[in-house]
Amino acid sequence: MWGILRQKVGDTGLSPQGLGNQMLRLRPATSAVRDYSAATKEMTVRDALNSALDEEMAADPNVYVMGEEVGEYQGAYKITKGLLDKFGPERVVDTPITEAGFAGIGVGSAYHGLRPVIEFMTFNFSMQAIDHVINSAAKSNYMSAGQINVPIVFRGPNGPAAGVGAQHSQCYGAWYGSVPGLKVLVPYSSEDARGLLKAAIRDPDPVVFLENELLYGESFPVSAEALDSSFTLPIGKAKIEREGKDVTITAFSKMVGYALKAAEILEKEGINAEVINLRSIRPLDRATINASVRKTNRLVTVEEGFPQHGIGAEICASVVEDSFGYLDAPVERIAGADVPTPYAANLERMAFPQIEDIVRAVKRACYRSV
Amino acid sequence: MASTYLTKSKSFIIHTLKSKLHYTTRTSHFTNSLFHHRLLHTLSPLPPVPKHANYYSIGKDYVARRSHATTSASSQINQLPVESPSSQILDFPGGKVKFTKNMIFTSNSTEERVNCYRVLDDNGQPFTDDIDLLKINKELALKMYTNMVTLEVMDTVFYESQRQGRISFYATTTGEEAINIASAAALDNNDFVFPQYREPGALLWRGFTLQEFANQLFGNKHEYGKGRQMPVHYGSRKHNYITVASTVATQIPHAVGAAYSLKMEKQDSCVITYFGDGGTSTGDFHAALNFAAVLEVPVIFFCRNNGWAISTPVNEQFRSDGVVVRGKAYGVPSIRIDGNDALAIYNAVCEARKLAINEQTPVLIEALTYRAGHHTTSDDSTRYRSVDEIERWKGDQNPVKRLKKWIESKGWWDNVAESEYRSNIRKQVAQAIQVAEQIEKPPVADMFNDVYDVPPRNLNEQEAFVRKTVKKHREDYPADVPL
């Protein structure tokens, strides 16, 4: 009830909020036109990443790929398929099993001017190399006072897949997102994957690029613009995937898809949800999130990672700092269960947010009974 | 010989086969080699050969994988007398392996340690009669010696300044002056240096001034690190000296990566990286040497085995014969040298550089030396080692003294020149300290830049907020911090 009343008030267009609504409505509209103009072509995230790598390697001879199984095996998840044949073993380097080793070597080569793309088979394995990611890559530009910059990209699947157990399912968004000197990107769609990976490779700073194994096979429509080899997306800008006025749902990676489905369900119950695809965890697009919350007055954050010190916690703090007066309900934070991921399918399903969880959280935020 | 090795049934099988398959067509190569392999791989009796067995089907996959070995194997079986299986060979990935009937575990230690290369003896006299090995002219020798003295004096004065509370921290290179200077002297200025933290000599050799050193120690606004790091974390892009990081041994795989980059660019230079005995215990050391050998990159791994990793002596660090033997394990050419002999170091690094660049191979050098000073100013090494031991190494084994004896014997140097030079340098260092102390500290703006290539919005906001706060509450902040 209260939620519906607020909705009506916001619609008058007289308040600054209303003006803001107008502005916000324009922006997503234009991007909608851009994204879906020639939307007949579909592309899987896997192909999007592969094509992005291919194009960047062709354009800049300093870009090279290194990791386990990236060459002869065509990539553990086939992201680097065909690259060895096309660019040769000097630029697609298969490595022994030592993440600390090849991360360190990648960083060293970046010190000297190459642009490595280091693949971790999953980011769970990046913990073997995390000293190099943080102490050698993230902090070097600062510690050397700008004398050494590290144009490196660390990429690979992050978070849970399906039935891979505790040591293969952790989300590292919060871990890397807290480190100054790193940029952390989290693509969702194929367009995100292409644009953000290209931007990451071209960026002079170290970038942690968190993909999702289950999204690799998913197809998304891509515009003609996104297929162009010069296409990049800006780092640090979130995307409003679905416009709404009742509640803001923030999500990244696979959870964006879940949030969109939840929004469809909610629409039938009269709740108009705005879904924000974060695209970037560091820098976090606080401006877009806050502008959206100021419009809707309710916030639900969704992530697959552990709840404590997670992405949702940071977003909540940001909104409390910048837009406290605009909140009509406490922030709802949905995260994975605070347990190492169990293997059994029924338990695993309960350990991660499902669409129903998002729907219920939105209803709680709207003071509806669940 | 063979009969002791083979059971009766086996010899029967072989003789039967040889008569049936000996000079057969090409297709039988597989069958020959199949049996050859089965012989080699088992010491237990073979099952009797079934009469109508299709030899193609027995272990066909096995044979297919080994098909590259078939021709040699089959020729082996034709040529080798069956009586000596101990000389039969397994063609394994990586090279041929000979078999032996003796079950011997390699010992955990060798009776004899790897020899140590030196040129000058303890009295500074050539250890060898071959004077051509001393390819150092007067100019180079004096440049090396004076730099070593500068390093020694600089260490003493900077150490004292920490004791006086003027800088917060310092690490000396006492006892390792020859390693610092002579290795740098053998390199080209374009060769990249990836230091640990006890190698400022390489920077000194390349022209880093005493003032530049002092500026870094005081963290003032003129230092290249913009006051970001603790003392002795020098770095200078223009001298091709990568900024020192506190993390132990992380520079070793970095060096390999940089060498890979050099190799891809086909440059005529190499990379050198320094580390101590303690650093060789890390995972990074292992990964780096392994990779360097596999990737075939021009990098010199220079290990300063100075006997101590803070309070851990080498026999508690590893049980191998030092570090030099590890190179072999990774397939890296290695040498052990006298780390207190400047000429030996110079020669070895010259040669290593040639090897690395011409053959695109990593090289491992283990220099035996002694950390005559404390680990850093936070350490008092007399708590875990005897003063006698320290004094002994500071005596005749002292690298500066040994080189001095040699150049004096050549008539290139004397005590007058010595005392003059030392007092001169002492004055310069003291002067540099005084100047560095007076220079302003870096401004607040330098706190927020270089985190990224372009400062992001949140950092600009934070900086603005800090400035505003400092202006508003001036009394809460030190007066000498410039905005």
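Below, chains carry the letters A, B, ... as their sequence lines are ordered, and counting in each starts from 1. FYI, side chains are in, hydrogens and waters are out, and symmetry mates aren't considered; it's all heavy atoms of this structure. Model, not experiment: these values are computed from the prediction.
For B:Arg457, the CZ atom is loosely surrounded, since the number of other residues' heavy atoms within 6.0 Å does not exceed 12.
Heavy atoms of A:Lys139 lying under 4.5 Å from chain B are absent altogether. Neither the backbone nor the side chain of A:Pro151 has a heavy atom closer than 4.5 Å to any heavy atom of chain B. Using a 4.5 Å cut-off between heavy atoms, A:Tyr64 touches chain B through its side chain atoms alone. Contacts of A:Asn135 with chain B are made by side-chain atoms alone, with heavy-atom separations under 4.5 Å and no backbone atom involved. With a 4.5 Å cut-off on non-hydrogen atoms, A:Leu284 does not touch chain B at all. Of the two parts of B:Gln251, neither the backbone nor the side chain holds a non-hydrogen atom closer than 4.5 Å to a non-hydrogen atom of chain A. Within the 4.5 angstrom heavy-atom criterion, only side-chain atoms of B:Phe194, from C-beta onward, approach chain A. With a threshold of 4.5 angstrom between heavy atoms, A:Asn62 does not approach chain B through any atom at all. Using a 4.5 Å cut-off between heavy atoms, B:Leu459 does not touch chain A at all. In this structure, chain A has heavy atoms under 4.5 Å from both the backbone and the side chain of B:Arg237. Of the atoms belonging to B:Met447, heavy atoms from both backbone and side chain fall under 4.5 Å from chain A. For B:Thr247, the part lying near chain A is the side chain, with the backbone staying farther off; criterion is any non-hydrogen pair under 4.5 Å.
With hydrogens and angles disregarded, no donor-acceptor distance shorter than 3.5 Å links the side chain of B:Thr273 to the backbone of B:Val271. In this structure a side-chain-to-backbone donor-acceptor pair under 3.5 Å is missing from B:Glu463 to B:Asn460.
No hydrogens or angles considered: nothing links the side chains of B:Ser261 and A:Ser109 as a donor-acceptor pair under 3.5 Å. Side chains of A:Asn149 and A:Asn141: a donor-acceptor N/O pair is absent below 3.5 angstrom, by distance only.
When the candidates A:Val150, A:Asp203, A:Leu182 are compared by the number of heavy-atom contacts under 4.5 Å with chain B, A:Leu182 comes out ahead. Among B:Ala258, B:Ser246, B:Gly235, the residue making the largest number of heavy-atom pairs under 4.5 Å with chain A is B:Ala258. Between chain A and the options B:Leu295, B:Val244, B:Leu262, B:Asp446, the largest number of non-hydrogen pairs under 4.5 Å is found for B:Leu262. In terms of heavy-atom pairs under 4.5 Å with chain B, the best-connected choice from A:Ser140, A:Pro116, A:Ala145 is A:Ala145.
Relative orientation of the A:Tyr172 and A:Trp175 rings is perpendicular, given thresholds of 30° and 60° on the angle between their planes.
For B:Phe302 and B:Tyr274, the gap between ring centers is short of 6.0 Å. In this structure, the ring of A:Tyr142 has its center no less than 6.0 angstrom from the ring center of B:Tyr452. A distance below 6.0 Å separates the ring centres of A:His168 and A:Phe125. In this structure, the ring of B:Phe208 has its center less than 6.0 angstrom from the ring center of B:His239. Ring-centre distance between A:Phe120 and A:Phe154: below the 6.0 Å cut-off.
Residues of residues 88-95 of chain A that come within less than 4.5 angstrom of chain B, heavy atom to heavy atom, are A:Pro89, A:Glu90, A:Arg91, A:Val93, A:Thr95 in numerical order. Close approach to chain B, defined as a heavy atom under 4.5 Å from one of its heavy atoms, is seen in no residue of residues 309-323 of chain A.
Pairs of residues two or more places apart, or lying in two chains, that qualify as salt bridge (charged side-chain N to carboxylate O under 4.0 Å, His left out) and include a residue from residues 111-130 of chain A are A:Glu119-A:Arg155.
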Return a table of donor-acceptor pairs under 3.5 angstrom between the side chains of residues 281-291 of chain B and protein atoms on other chains or two or more places apart.
unit_1   : atom_1 : unit_2   : atom_2 : d
B:Ser281 : OG     : B:Gln317 : OE1    : 2.7
B:Thr282 : OG1    : B:Gly279 : O      : 2.8
B:Thr282 : OG1    : B:Phe285 : N      : 3.2
B:Asp284 : OD1    : A:His132 : NE2    : 3.1
B:Asp284 : OD2    : A:His132 : NE2    : 3.1
B:His286 : ND1    : B:Tyr330 : OH     : 2.7

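Counting heavy atoms from C-beta on, the side chains of B:Cys270 and B:Ile300 come closer than 4.5 Å. For the pair B:His254/A:Ser136, a side-chain contact is recorded, criterion being any heavy-atom separation below 4.5 Å from C-beta on.
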*Are B:Tyr197 and B:His233 close enough, and set up right, to give a ring pair (Phe, Tyr, Trp, His ring centres under 6.0 Å), and what steps lead you there?*
CA-CA 7 Å; B:Tyr197 47 63; B:His233 288 64; 7.8 Å; no
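Residue B:Glu199 comes nearest to B:Pro195 through the heavy atom pair OE1-CB, 3.3 Å, listed as atom of the first residue, atom of the second, then distance.
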